[in-house]
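Worksheet for the structure shown next.
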Amino acid sequence: MTIRSTIKAPPIYKVAVCQAVIALLISVSAWVIDGRVSAYSLLIGSLISVIPGIWFASRVFKYRGARSASLIAREAKRGEAGKIALCAVGFAISFIYVKPLNVVALFSGFVLIHLVGLVSFALFNSRRSDKS
């Protein structure tokens with residue numbers, strides 16, 4: 001079922017690109033400051049945040065408008081379940097297969113990139129509403 005809407009989609013892909021760029025920058029910085037293990041641990045943690053976030057956003061923002069409320073709610077539930085599962089799998093794979101692993105850097109990358117996503121979404125969204 002396709003419901004057309006005049007409401008523009010939020011800038012989810014711009015947010016993902018911003019997160020990816022920041023993830024690369026902090027990983028390179030970590031490599032210079034603390035070495036290779038911290039760098040790839042930070043990068044893996046960042047990817048564990050970015051990939052499920054893209055999955056969730058692509059599901060939730062597939063539909064727009066009041067007529068699509070039930071579809072949006074359904075996709076939000078599916079998207080959140082998928083996001084949690086992807087995060088769990090990402091962490092499990094990291095703990096099982098990545099040796100050596102800097103756990104502090106892994107979780108720092110995850111949290112930092114999640115926060116970058118929240119801030120960049122707010123900034124991109126406020127710029128978009130200023131243009132309206």
Side-chain angles (χ1 to χ4, degrees):
M1 171 199 294
T2 303
I3 299 174
R4 301 248 182 236
S5 176
T6 58
I7 300 170
K8 290 183 180 180
I12 57 175
Y13 298 108
K14 288 181 182 178
V15 171
V17 168
C18 182
Q19 287 176 305
V21 167
I22 298 295
L24 289 173
L25 290 174
I26 64 169
S27 294
V28 169
S29 299
W31 189 318
V32 169
I33 294 168
D34 199 35
R36 186 176 61 97
V37 175
S38 293
Y40 69 69
S41 297
L42 259 166
L43 187 60
I44 291 168
S46 300
L47 290 173
I48 294 171
S49 179
V50 172
I51 293 169
I54 292 170
W55 164 262
F56 175 77
S58 68
R59 302 296 297 195
V60 171
F61 297 117
K62 188 188 317 186
Y63 304 104
R64 293 179 291 285
R67 292 184 196 150
S68 302
S70 63
L71 294 171
I72 294 168
R74 183 188 73 201
E75 293 300 323
K77 290 176 192 172
R78 289 180 180 173
E80 188 62 29
K83 180 178 173 181
I84 291 169
L86 287 170
C87 285
V89 168
F91 281 116
I93 288 171
S94 298
F95 289 126
I96 293 168
Y97 294 109
V98 179
K99 304 288 183 205
L101 179 68
N102 182 334
V103 176
V104 172
L106 180 80
F107 283 111
S108 296
F110 178 81
V111 170
L112 182 63
I113 294 305
H114 186 74
L115 294 174
V116 166
L118 294 173
V119 170
S120 61
F121 183 79
L123 291 173
F124 286 130
N125 222 17
S126 69
R127 286 184 192 158
R128 202 178 88 180
S129 63
D130 290 344
K131 292 179 182 178
S132 299

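No experiment lies behind these values; they were computed from the predicted model shown. We're numbering straight along the sequence, starting at 1.
- Applying the ring-ring contact (aromatic ring centres under 6.0 Å, His included) criterion to Phe110, with sequence neighbours excluded, gives Phe91.
- Note on Leu47 and Ile113: separate hydrophobic clusters, where clusters join Ile, Leu, Val, Met, Phe, Trp and Tyr whose side-chain heavy atoms are under 4.5 Å apart, directly or indirectly.
- Residues Ser58 and Tyr13 have side chains in contact (heavy-atom distance under 4.5 Å, counting atoms from C-beta outward).
- Annotation for Val32: hydrophobic cluster partners, listed by chain and number, are none (ILVMFWY side-chain heavy atoms under 4.5 Å, direct or chained).
- Apart from Val28 itself, the hydrophobic cluster it occupies contains nothing, where clustering links Ile, Leu, Val, Met, Phe, Trp and Tyr at side-chain heavy-atom distances under 4.5 Å.
- Taken together through direct or relayed side-chain contacts under 4.5 Å among Ile, Leu, Val, Met, Phe, Trp and Tyr, Leu101 and Phe107 form part of one hydrophobic cluster.
- The list of side chain to side chain donor-acceptor pair (under 3.5 Å) pairs with a residue in residues 69-89, not counting sequence neighbours, reads Arg59-Glu75.
- If you chain together ILVMFWY residues whose side-chain heavy atoms come under 4.5 Å of each other, Ile93 ends up grouped with Val89, Ile96, Tyr97.
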Which pairs of donor and acceptor atoms, one on a side chain in residues 36-45, lie under 3.5 Å apart (sequence neighbours left out)?
from, atom 1, to, atom 2, distance (Å)
Ser38, OG, Asp34, OD2, 2.5
Ser38, OG, Asn102, ND2, 2.9
Tyr40, OH, Pro100, O, 2.4
Ser41, OG, Val37, O, 2.7
Ser41, OG, Asn102, N, 3.0

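- Pairs engaging residues 105-124 under the side chain to side chain donor-acceptor pair (under 3.5 Å) rule: none recorded [sequence neighbours left out].
- If you chain together hydrophobic residues whose side chains sit under 4.5 Å apart, Ile48 and Ile54 never meet in one group.
- By the 4.5 Å heavy-atom criterion applied to side chains, Leu106 and Phe95 are counted as neighbours.
- Listed by first and then second residue, the side chain to side chain donor-acceptor pair (under 3.5 Å) pairs that reach into residues 42-57 come to none, sequence neighbours excluded.
- Residue Ala76 comes nearest to Phe56 through the heavy atom pair O-CE1, 3.8 Å, listed as atom of the first residue, atom of the second, then distance.
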